[in-house]
Amino acid sequence: MSSNLNIQKICQLCGKEFIAKTTVTRYCGIVCRKRIVQINTRNLKIEANNKETKAIKAKPIEQLKEREFLTVTQVSKLIGCSRQNIYKMIHSGKLKATNILEKKTIIKRSNIDKLFEPAEAPVINTVIEPIQIDIADCYTLIEIQNKFGVSERAVHEIVKRNGITKIKNGLCSYVPKQKIDKIFKTNN
């Protein structure tokens with residue numbers, strides 16, 4: 001069954017003009033048809049390899065999701081942030097962790113999940129009145145160090161841990177005597 005058609009077309013691979021015998025012909029000859037088959041075969045192999053690579057990369061993450069206890073490095077891979085950021089979250093109290101050895105920190109999977117739970121809604125329409133404290137009823141941080149024999153860092157930790165508000169006046173920070181005396185009396 002021969003065709004008497006002579007249709008001018010442009011090859012979709014090489015761009016040359018040719019005369020086609022059918023309306024569905026897309027390539028100028030057998031060479032271009034073989035090349036397009038090779039290109040398509042090559043693209044399919046590349047796509048298959050890319051899928052395989054993605055699956056291999058995702059496998060460790062899937063394994064990490066199944067574990068109950070993770071190291072800091074594993075948590076950083078799971079969340080997608082640096083190890084330093086994980087340590088910052090641990091030190092700030094946002095993420096609970098346990099040191100089982102000197103350089104081995106373990107984090108429970110449930111603690112990681114708690115990071116992503118929605119925070120409780122803040123209470124609205126609450127008015128907090130500022131506390132009026134006289135500076136005469138306060139210690140400076142240096143006075144606390146000298147009186148109780150503790151380091152500067154210890155003073156800052158005590159103030160932070162107990163939620164004591166510091167009053168800034170110029171270069172000095174003041175802390176209420178009553179609260180500091182109460183803390184050091186309970187520790188003696």
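Just the heavy atoms: all of them, side chains too, but no hydrogens, waters or symmetry mates, feed the values below. Numbering of residues begins at 1 and proceeds along the displayed sequence. These figures come from a predicted structure and were not determined experimentally.
Residues L13 and R35 meet the side-chain proximity criterion, which asks for heavy atoms closer than 4.5 Å. Residues L70 and K77 are not in side-chain contact: their nearest non-hydrogen atoms beyond the backbone lie 4.5 Å or more apart. Counting heavy atoms from C-beta outward, K114 and N111 have side chains that approach closer than 4.5 Å.
The distance from atom CD of E47 to atom CG of N43, rounded to the nearest 0.5 Å, is 8.5 Å. One distance of note links NZ of K34 with CD1 of I39; it measures 14.5 Å at 0.5 Å rounding. Rounding to the nearest 0.5 angstrom, the gap separating the CG atom in L5 from the OG1 atom in T25 is 9.5 Å. Summarising the geometry, atom SG belonging to C81 is positioned 3.5 Å from atom CD1 belonging to I86; distances are rounded to the nearest 0.5 Å. To the nearest 0.5 Å, atom CD1 of residue I90 and atom CG of residue N85 are 11.0 Å apart. Note that CG of N49 and CG of L44 are 11.0 Å apart. Values are rounded to the nearest 0.5 Å.
By the 30° and 60° cut-offs, the orientation of the rings of Y139 relative to F148 is perpendicular.
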Can you check side chain to side chain contact (heavy atoms under 4.5 Å, CB included) on L95 and I112, steps first, answer last? CA-CA 7 Å; L95 182 62; I112 298 168; 4.3 Å; yes

Apply side chain to side chain donor-acceptor pair (under 3.5 Å) to R83 and T73, showing your working. CA-CA 6 Å; R83 291 174 62 234; T73 304; 3.1 Å; yes

Evaluate I164 against I183 for side chain to side chain contact (heavy atoms under 4.5 Å, CB included), listing each step before the verdict. CA-CA 11 Å; I164 301 172; I183 290 169; 3.4 Å; yes

Applying side chain to side chain contact (heavy atoms under 4.5 Å, CB included), run through L141 and H156 and close with a yes or a no. CA-CA 8 Å; L141 299 181; H156 286 286; 3.5 Å; yes

Just do the side chain to side chain contact (heavy atoms under 4.5 Å, CB included) check on E152 and Q145 with the steps written out, would you? CA-CA 6 Å; E152 181 180 354; Q145 291 174 9; 2.9 Å; yes

Apply side chain to side chain donor-acceptor pair (under 3.5 Å) to the pair N6 and K21, showing each step before the final yes or no. CA-CA 5 Å; N6 286 328; K21 299 288 184 186; 3.2 Å; yes

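Nearest heavy-atom pair, C138 versus Y174, reported as atom, atom and distance to 0.1 Å: CB-CB, 3.7 Å. The minimum heavy-atom distance linking S173 with K166 is given by the pair CB-CD, 4.2 Å. A pairwise comparison of heavy atoms in I106 and F69 identifies CG2-CB, 3.6 Å as the closest pair. Residue V150 comes nearest to I144 through the heavy atom pair CG2-O, 4.2 Å, listed as atom of the first residue, atom of the second, then distance. For C28 against C11, the heavy-atom pair with the smallest separation is N-SG, 3.4 Å. Of all heavy-atom pairs between T165 and P176, the closest is O-CD, 3.8 Å.
Within 6.0 Å of the NZ atom in K9, the count of heavy atoms belonging to other residues, nucleotides or ligands exceeds 12. Residue K177 places its NZ atom among more than 12 non-hydrogen atoms of other residues, nucleotides or ligands, all under 6.0 Å distant. In this structure, I142 places its CD1 atom where only 12 or fewer heavy-atom neighbours from other residues, nucleotides or ligands lie under 6.0 Å away.
When the side chains of ILVMFWY residues are joined at heavy-atom separations under 4.5 Å, either directly or via intervening members, Y27 and F18 end up in two distinct hydrophobic clusters. L115 and V75 fall within the same hydrophobic cluster, defined by Ile, Leu, Val, Met, Phe, Trp and Tyr side-chain heavy atoms under 4.5 Å apart, directly or through other members.
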